[in-house]
4 protein chains.
Amino acid sequence: MGSESATHSLGEQYREVRATTSRLREPLSEEDCTVQSMEDASPAKWHLAHTSWFFETFVLEAIDPNYRCFHPEFRVLFNSYYNSVGDQHPRPRRGLLSRPPLHDVLRYREHVDEQMMHLLDPRRNEPLPAGIADVIELGLHHEQQHQELILTDAKHMLSCNPLRPAYHRDLPSTAPAEVKPLRWHWREAGTRWIGHEGSDFSFDNERPRHRVFLDSFEFASRPVVNGEYLAFMEDGGYQRPELWLSDGRATSLDKDWNAPLYWEKRDGVWMVMTLAGLRKLRLDEPVCHVSYFEADAYATWVCARLPNEAEWEVMASEVPEVEGNFIENGLLHPVPTPAGDPESGPAQLFGDVWEWTQSAYGSYPGFSPPEGALGEYNGKFMCSQMVLRGGSCATPRSHIRATYRNFFYPASRWQFSGIRLARDGR
Amino acid sequence: MGSESATHSLGEQYREVRATTSRLREPLSEEDCTVQSMEDASPAKWHLAHTSWFFETFVLEAIDPNYRCFHPEFRVLFNSYYNSVGDQHPRPRRGLLSRPPLHDVLRYREHVDEQMMHLLDPRRNEPLPAGIADVIELGLHHEQQHQELILTDAKHMLSCNPLRPAYHRDLPSTAPAEVKPLRWHWREAGTRWIGHEGSDFSFDNERPRHRVFLDSFEFASRPVVNGEYLAFMEDGGYQRPELWLSDGRATSLDKDWNAPLYWEKRDGVWMVMTLAGLRKLRLDEPVCHVSYFEADAYATWVCARLPNEAEWEVMASEVPEVEGNFIENGLLHPVPTPAGDPESGPAQLFGDVWEWTQSAYGSYPGFSPPEGALGEYNGKFMCSQMVLRGGSCATPRSHIRATYRNFFYPASRWQFSGIRLARDGR
Amino acid sequence: MGSESATHSLGEQYREVRATTSRLREPLSEEDCTVQSMEDASPAKWHLAHTSWFFETFVLEAIDPNYRCFHPEFRVLFNSYYNSVGDQHPRPRRGLLSRPPLHDVLRYREHVDEQMMHLLDPRRNEPLPAGIADVIELGLHHEQQHQELILTDAKHMLSCNPLRPAYHRDLPSTAPAEVKPLRWHWREAGTRWIGHEGSDFSFDNERPRHRVFLDSFEFASRPVVNGEYLAFMEDGGYQRPELWLSDGRATSLDKDWNAPLYWEKRDGVWMVMTLAGLRKLRLDEPVCHVSYFEADAYATWVCARLPNEAEWEVMASEVPEVEGNFIENGLLHPVPTPAGDPESGPAQLFGDVWEWTQSAYGSYPGFSPPEGALGEYNGKFMCSQMVLRGGSCATPRSHIRATYRNFFYPASRWQFSGIRLARDGR
Amino acid sequence: MGSESATHSLGEQYREVRATTSRLREPLSEEDCTVQSMEDASPAKWHLAHTSWFFETFVLEAIDPNYRCFHPEFRVLFNSYYNSVGDQHPRPRRGLLSRPPLHDVLRYREHVDEQMMHLLDPRRNEPLPAGIADVIELGLHHEQQHQELILTDAKHMLSCNPLRPAYHRDLPSTAPAEVKPLRWHWREAGTRWIGHEGSDFSFDNERPRHRVFLDSFEFASRPVVNGEYLAFMEDGGYQRPELWLSDGRATSLDKDWNAPLYWEKRDGVWMVMTLAGLRKLRLDEPVCHVSYFEADAYATWVCARLPNEAEWEVMASEVPEVEGNFIENGLLHPVPTPAGDPESGPAQLFGDVWEWTQSAYGSYPGFSPPEGALGEYNGKFMCSQMVLRGGSCATPRSHIRATYRNFFYPASRWQFSGIRLARDGR
């Protein structure tokens, strides 16, 4: 990564990732960018600032003791959770910040971009300080995570508005599709290697590559679709305690769940909130915005289970290339399973919907987070969350890979999270 | 009110009141207008829409069965608490409405204004339908109440921002003043008339005029000032349970109160958040943004008490004209007591700070709210709140009078609420 | 009070009041005496100990510097709310005290009684120290208040048990009665004296006697009965927001109220929990265990209002003697209005049910609490509570009088609280 | 299990287990048995009834359609969480049940015992119905779990009492011991079998036996002791966010943790609440009553980690016999590590303290819960809890084994939970 050409390419990556963030912001007004609809979500303005704060704090300040920060209060305002950096503006109060105005946040981005592009200028005749290229690469993947959050947080915020406004009224959609019966792909028991190795980028939580023993299992050919999930609902799925985990039952009663997030019945017709506004529910699309609890209850109902993350990774490792319905497609909504050769392996592993696994998020054997503040990036969340795999329609394609581990609390629903089934091998 | 000239004058009043609201909004950006900083407060955008909704609902729709409302969803979105009109968007979720954008809310105001000005056009040769002039007059006083709330809610919202931004950086301020010792004005016992009568406007809760018996009492010559309140604090006022009401003690411990709202100590210096941003605390200004509990504890500390509302009204009735530091002054902050003849009666009864009374807000004998939805305006709040009197630096001068009864919960602090002392007559 | 015969009589009073408390405890097991069913209520064991603590702290310790307390930890455990005495075991944790066992608490009572009886021994040749007789008298009235609370708290606790157990299975009850139509007693406007004066015992909050001006009013001949309240319910009373105070509406929705506390429908029949267990609801009995909010909504529904406390006291002052259904009757339940001369004034002012007034609890003009800890007895609660008058079927007869002011929060329902109507004079 | 001699032996087991429960109750008074000190804990009376309910519901009612239950309301009152059986008295309200009195609960136990002993009578000439012996065995292990809970719940309840009363004042204790330095036992990487198989009793969650791959690891020779944990505290362990999981940090701040549960400093000396009352903290005893979060933070502080449950089980499988400080010892408190051969493997794997593992509680591959209500026993809790291993000083010896999986939420502290360290193999 230290060579001139790599630096050159890092500059181009930087420019592209940052430009994508800006493009995603465009459909959102100053007001849209300010509102925080729940503690889990952040205003778009905060995401725009925080991702710049990341480069300012971990790159610009780190390498230049004389660097003058854009605004001294931003150090606290836009620190997400890095205790090693210092205090943080409380997360539930991110939506109280009418100031700085969006305009100033965009200037902040420009300021950081100028400094960064200067640093990454191929004509600059100095190598980057040791380790800094890695931090920048991490910063770009970090920014891609926030690109997805800008969309999911905006979707949630817009869904809280009785006007059900759209992020973008004119998002394209796909033609209706025939849903093929779900099939099972069998894999035999054995010791497998999972996790990331090599010099390509990965987060620390994907490493080290290590062995796991897997019993034989079967893996579903595609994600569960809305029509199937509706059958679960119509069979009393939400009312039958025997299908639910105990915590799931308590949560669903407490929050009065009776359908996935964003579904609502109007005049007897199921509608669904999308980034293009309220649309009629399509039965052929993968079910989305379900919690782990709902995914697990559905799996129980069909006498199956969710895969564990190693099973998922084994299947995904067989896929030659990461392809799917990603943010670049501009649909920002999951699509029906494309027609294809049913023998060739599970479809839609990547993109469309994040797939809940039954694996609690934890450290791999031999895991060791980096020294310093960036050690807080992933490791300190290794408790009480569940692993999701594969990326979604709101994930940048270059961000995802077979070893990628996303994680959310089992009650979370505002991500594009769906259901992949598995079962014990016969 | 039904005559042509009255209608003419009502039209002018309408134009003026509405224009004032617009002017108060100007220093606030789209983002400022969207944020709701607590359940008690509303975004400025909501105030702008709700006051228009009031005229649309109670005037335009009421008199014209064919009136086409500006937007059908606004009926729910901007209904504050009128159950007789229908459902309401939940109060704590007013800050989730990034849409309609401010621009659309301003168009909504224009739309309502056009229709209203047409109705109030002096060249129109029809009298207003029966009772409608009174509703319009109520609507204008209602809008003046929201003018004050726009300021107090914005102040609270800006105070939640670590940047401590200003509503308007360049508000004028007054010269330092010498604080005269507090003196007492004695009034003898007897039966007194209080409450409003006659055809001039008043709210229903100020009527009917009726007799009360008052024992002899003494009334303070001016409001308590910051310097005096600071002495209370330095004497351990917030730590001494014997000075506090039981509910007040519990509230102050629970909320960790140790100074009035908006006071903060920086580097050993007391600062105070104002609509012009953070300023050094001035000892000569009336203390402000205290709860009933703090006002009562302070009064106990100086071996006095708060006046009841009848005592306050008796004193205010002696004042020939309503004068004081009101919103029109543009200071938007209470000022020191002006020099003047100490014999001539209590100073600053009107304007500067609302004065807590020890009277719980309730109905006057013979009170009867109007029929229909407007009966919900005041009467249903007659429980658990305390009466405040006299208006503040954020009240329009034409809005206040000696009989005016404001009311807030005893723990509320975000209004310009201060302390007037009284004591039993000797 | 200082004379030998008064001391003698005080000793007898002491013995009687204390013995009554013991008798009330008898139907309760160790387990019954330990449970606390909500924060507002206390375990009977705590009441037994606290009333002894009162005499130990304010009499025995006060007069004898060498007094050795029964148990040093009891000073904190059984202090209710006297900050001047010191720390208090947190109120919501009173039900965690399995120890001291009931047996030790009864020994504590005996210990205090011995010391007190020694002090009050008529053969003792020393006068009581100055002021101590008054404190003892206060302590006895204090204990009578806790006698009522032992019953209301036990009733609440037993009602939380799905077995609906009885405090005492064999309480007597009265014969069915014909409910006479409600009539109105008119009183003319004028200045009246209310409040207590003279050397007889009263609480500080009943003093000083002072003048109030009352407009003419009408006062209902008897309390509202269950049959009438049921008609309100059947007319949708709990569902119609226009009948309710705003806070009342919010409370009733939040707590899912649709009938008075302790009413429950079983197989289509209204039942009511009593101290004798679950019984069929009788339509002829005064409605009971309603909040201020329900009382006010009912009054609105019948186009009347609740009386204010001065009106109530004026009516009660006309009654020559305090008579009614009190704790001594042993029914522990309100009874139908006795037949009687309808001209002779309102019935059942005393006993049966406490009557909500529309008066917020506050200080009378000239009120001054005593110095020291006993100043905390009443004064610090003068905020956000409503006055009730007249005593109930759980009040000792000797405890009540026309000037007596009880007070609870408007949402409270676990006292024997009912509805007396009034209306403006015609 | 179906043979006569097995039935005979089952009867003896039944008698013994039930008698142990009764013995554990003896030091507790009626009042002690009634109080519920937090939602997680239950009153002893409830445990006594629930364990009888288990046999009544799953054995007596299951095999005899004419069985007349002891009390029809008990079906709801003492159902813990079996939705398939029906409704449940809400868990947080278990402490409101002053009735049934302890006496009736003991009669309920006798009633069930009579019926059960009749069923298990070796002279009875009928075999048990199919499957019933297994249910009875499950019921006995279930009762042993509640034996431990009776102790831990009572300890918590007594600790909430400022008197710090003892469960049993005269519990024996051990002599001070020298704490040997902690040593590491290395195990090489490889595929291992874990989980239970065979006809001996186990819970469903221990099955099926299956393979896991373990990297090489090192395992601590003994649990962490108080002296070591105190060093962590004195090094600012509770104040240093970098040592804590994110959820752990939030919990510790929210709950104001700064020491293990039951530690309190009095006059500068660390004391600890035990079942024998408050004692001076002993530095040589295993640290106890720590949450997963504290265990994890401590491990981070010493640059180690917690073992995963497979590592733990591998080590425990090497131990020839289950021996340790169990409930039968009657100490009811963890003891210092006994002197012994340091080469012979880790000490105190069984008994003393439950050892937190870094494994989230989930299903083993191929797990399938039994049909019917008993399928709710373990499976529905497989989310958001962490596995603990090895039993404690409050566990019956016959209850524990190497494959036994206990589970609690990571914030739980009221069990006898301690810390075993591990680290990656070198």
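Within every chain, numbering begins at 1; the chains are lettered A, B, ... in the order of the sequence lines, protein sequences first and strands thereafter.
With a 4.5 Å cut-off on side-chain heavy atoms, A:F217 and D:P365 do not count as touching.
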Can you pull every donor-acceptor pair closer than 3.5 Å across chain A and chain D?
from, atom 1, to, atom 2, distance (Å)
A:S246, N, D:K380, O, 2.7
A:D247, OD1, D:Y409, OH, 2.5
A:D247, OD2, D:Y409, OH, 2.9
A:K380, O, D:S246, N, 2.7
A:Y409, OH, D:D247, OD1, 2.5
A:Y409, OH, D:D247, OD2, 2.9

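Under the salt bridge (charged side-chain N to carboxylate O under 4.0 Å, His left out) criterion, no residue pair touches residues 358-367 of chain A, with sequence neighbours excluded.
Ranked by heavy-atom pairs shorter than 4.5 Å toward chain A, the options D:G248, D:A360, D:A189, D:G366 are led by D:G366. When each of A:F367, A:F213, A:F381 is checked for heavy-atom pairs under 4.5 Å with chain D, A:F213 comes out on top. Ranked by heavy-atom pairs under 4.5 Å with chain A, the list D:A373, D:G425, D:P241 is led by D:P241.
Closest approach of A:L245 to D:C383, counting heavy atoms only: CD1-CB, 3.9 Å.
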